[in-house]
Amino acid sequence: MKKLYIVANWKAQKTSQEARDWLEKFLTYNNQHTTINNKEIIVCPPYTQLPMMRDFVKRNGLPFKLGAQDVSPFGMGAYTGAVAAEQLKELVRYVIVGHSERRRHFGETDVAIADKVKLAVVSSIAPILCVQGAETPVPEGVSIVAYEPVFAIGSGIPDTPDNADMVAKILKERYALLAVLYGGSVNSLNVSGFTQKEHIDGVLVGGASLEAEEFLTIMHNA
Ligand code: PGA
């Protein structure tokens with residue numbers, strides 16, 4: 001059975017109270033019916049929720065790891081507004097890097113993305129690099145890639161499992177990757193179509209991860 005990565009990307013959503021409600025629901029429903037066996041579950045909330053969530057996960061033995069949604073391309077120092085990998089490593093094992101929303105709204109370049117990857121790896125945080133197609137460069141040090149075609153993000157129109165599998169195959173031929181995930185309008189009804197594909201090793205889930213019950217169903221159905 002291959003290892004699957006199921007990643008939740010909350011983006012800039014949820015207040016502290018909403019994050020706590022999600023965790024309480026996850027705790028309740030998880031005890032009832034979810035098996036995770038071969039699955040690495042990773043939840044990426046906004047920075048502001050990370051310390052509270054780390055404590056909650058530890059206290060209640062929840063079966064997922066935490067990730068961040070971004071990391072500074074610089075180390076610690078005079079970089080107002082940034083969070084460095086050395087700081088993040090106290091809280092997370094993973095970080096999403098190069099999401100198309102960061103490229104589009106924050107002007108993130110391939111050069112900055114490569115710097116982020118480098119610093120994450122030095123701090124023992126595994127980067128989950130988002131690529132928009134097989135042509136997006138994958139910097140050295142990346143072993144998990146998420147293929148996320150821009151048209152599929154938040155649109156309710158996912159790519160086809162066949163096409164996503166073809167892109168995953170090309171990426172694996174081109175780079176030494178441990179895992180290629182698919183992201184873009186994944187939900188509990190379509191997730192297995194992707195995870196059953198030969199070259200796809202999991203999913204990156206935005207909107208459908210915001211409800212705990214739906215996310216648990218995705219974990220279950222994957
Ligand atoms: P979506 O977002 O699942 O809401 O389409 C995925 C992502 O942007 O990572």
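Atoms within each ligand, like the ligands themselves, are counted from 1 in listed order.
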* Asked: Where does Ala208 meet ligand 1, judged by heavy-atom distances below 4.0 Å: at the side chain, the backbone, both, or neither?
  -> neither
* Asked: For atom 9 (O) of ligand 1, what is the nearest protein heavy atom, given as residue, atom name and distance?
  -> Glu148 OE2, 2.7 Å
* Asked: Taking atom NZ of Lys169 as the centre, does the number of heavy atoms from other residues, nucleotides or ligands within less than 6.0 Å exceed 12?
  -> no
* Could you tell me whether some N/O pair between Ser155 and ligand 1 is separated by less than 3.5 angstrom? => no
* **Heavy-atom donor-acceptor pair, Lys11 side chain to Glu101 backbone, under 3.5 Å** => no
* Under a 4.0 Å heavy-atom limit, does Asn9 contact ligand 1 with its side chain, its backbone, both, or neither? -> side chain
* Asked: Taking distance alone, with no angle check, do Gly184 and ligand 1 share an N/O pair under 3.5 Å?
  -> no
* Considering only heavy atoms of Lys11, which atoms of ligand 1 have at least one such atom less than 4.0 Å away? -> 2 (O), 7 (C), 8 (O)
* Asked: Should Thr15 and Glu18 be marked as a side-chain contact (heavy atoms from CB on, under 4.5 Å) after you check the CA-CA gap, both sets of side-chain angles, and the distance that decides it?
  -> CA-CA 5 Å; Thr15 61; Glu18 288 164 349; 3.4 Å; yes
* Of all pairs that satisfy ring-ring contact (aromatic ring centres under 6.0 Å, His included), the ones with a partner from residues 185-207, not counting sequence neighbours -> Tyr182-Phe194
* Asked: Any cation-pi pair here, Lys25 with Trp22, using under 6.0 Å and within 45°?
  -> no
* Can you find an N or O of Ile153 that's nearer than 3.5 Å to an N or O of ligand 1? -> no
* Indicate yes or no: does Lys116 engage Glu108 in a salt bridge with an N to O separation below 4.0 Å. => yes
* What do you reckon, is CZ of Arg93 surrounded by more than 12 foreign heavy atoms closer than 6.0 Å? -> no
* **Protein residue, atom and distance nearest to atom 4 (O) of ligand 1, heavy-atom basis** => Gly207 N, 2.8 Å
* To do: Starting from atom 3 (O) of ligand 1, locate the nearest protein heavy atom and write down its residue, its atom name and how far away it is, to 0.1 Å.
  => Gly206 N, 2.8 Å
* Asked: What do you reckon, does Gly183 put a non-hydrogen atom under 4.0 Å from ligand 1?
  -> no
* To do: Assess Ala152 for proximity to ligand 1: is some non-hydrogen atom of it under 4.0 Å away?
  => yes
* To do: Any atoms of ligand 1 less than 4.0 Å from a non-hydrogen atom of Gly154? List them with their elements.
  => 1 (P), 4 (O), 5 (O)
* To do: Indicate the ring-plane relationship of Phe74 and Tyr79, choosing parallel, tilted or perpendicular according to the 30° and 60° boundaries.
  => parallel
* May I ask you to check whether Glu101 has an N/O atom sitting below 3.5 Å from an N/O atom of ligand 1? => no
* Numbering the atoms of ligand 1 from 1, which are under 4.0 Å from a heavy atom of His99? -> 7 (C), 8 (O), 9 (O)
* Under 4.0 Å between a Lys/Arg side-chain N and an Asp/Glu carboxylate O for Asp201 and Lys3? -> no
